[in-house]
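This report refers to the structure that appears directly beneath it.
Every number for a ligand or one of its atoms is a count from 1 in the order of the listing.
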Amino acid sequence: MPQVSFSADIKPLFRAIDIAHMKPFGVELDDYAYMSNPDNANRVFATLSPHDGEPPTMPPGGPYWTAAQLGLFMQWQSDGYKA
Ligand code: HEM
């Protein structure tokens with residue numbers, strides 16, 4: 001599979017409402033410069049992931065990302081945050 005890219009594979013996973021609701025908090029889900037900072041990407045990923053049997057914190061109430069979507073995000077990170 002070609003390397004996972006932010007514009008083609010990751011950005012489309014965020015809904016318009018996700019992007020709009022997070023901007024006032026300084027979380028720029030649609031911004032490559034923000035998302036390609038590993039600290040930011042890791043924080044975003046943590047909110048999308050279930051932990052200790054609890055559902056993800058984001059988006060509040062769901063719909064939560066599937067294992068395949070979370071896997072794609074991890075692949076994007078390990079591919080080196082391609083644009
Ligand atoms: C660093 C990452 C993130 C932080 C710190 C964060 C934090 C927050 C906070 C504090 C709120 C408002 C309070 C609440 O409704 O619980 C909120 C709302 C929201 N967040 Fe996030 N969030 C993050 C990532 C995300 C991601 C990755 C998504 C979607 C994929 C998302 C989608 C939303 C939506 C849709 C709302 C509005 C919910 C509503 O008003 O009904 N957030 N977020």
Side-chain angles (χ1 to χ4, degrees):
M1 170 175 170
Q3 289 199 318
V4 177
S5 96
F6 183 74
S7 58
D9 304 307
I10 302 302
K11 190 170 152 184
L13 299 177
F14 297 109
R15 304 168 301 167
I17 191 175
D18 299 327
I19 293 164
H21 276 82
M22 294 323 302
K23 267 196 206 296
F25 293 92
V27 179
E28 305 269 349
L29 297 173
D30 62 341
D31 184 313
Y32 174 73
Y34 176 89
M35 291 292 289
S36 60
N37 175 322
D39 290 340
N40 294 335
N42 285 332
R43 272 194 307 136
V44 167
F45 185 78
T47 69
L48 292 166
S49 305
H51 40 268
D52 301 330
E54 297 292 327
T57 55
M58 292 291 142
Y64 303 122
W65 280 25
T66 64
Q69 290 173 317
L70 294 170
L72 199 61
F73 194 100
M74 282 192 284
Q75 188 66 44
W76 175 62
Q77 294 189 282
S78 58
D79 280 352
Y81 300 97
K82 299 292 172 226

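Proximity of P59 to H21: side-chain heavy atoms (C-beta onward) are nowhere separated by under 4.5 Å. With contacts defined as side-chain heavy-atom distances shorter than 4.5 Å, the pair L72/Q69 does not qualify. Here the side chains of K82 and V4 are not in contact, with every heavy-atom distance at 4.5 Å or above. Looking at heavy atoms from C-beta onward, W65 lies in side-chain contact with L13 at the 4.5 angstrom threshold.
Side-chain contact annotation: Q77 with N42, donor-acceptor N/O pair under 3.5 Å present.
For atom 13 (C) of ligand 1, no protein heavy-atom neighbour is present inside the 4.0 Å cut-off. Within the 4.0 angstrom cut-off, atom 41 (O) of ligand 1 has no protein heavy-atom neighbours.
Classified by interplanar angle (parallel below 30°, tilted 30° to 60°, perpendicular above 60°), the ring pair W76/F6 is tilted.
In summary, the atoms of ligand 1 found under 4.0 Å from a heavy atom of F14, numbered by their order in the structure, are 27 (C), 30 (C). Near L48, with a cut-off below 4.0 Å to any heavy atom, the atoms of ligand 1 are 27 (C), 30 (C).
Heavy atoms of N40 found under 4.0 angstrom from ligand 1: none, in either backbone or side chain.
Panel note: side chain D52, backbone E54; no donor-acceptor pair is recorded below 3.5 Å.
Protein N/O/S atoms closer than 2.8 Å to atom 21 (Fe) of ligand 1: M22 SD, M58 SD.
A salt bridge links K23 with D30: the distance from a Lys NZ or Arg NE/NH1/NH2 to an Asp or Glu carboxylate oxygen falls below 4.0 Å.
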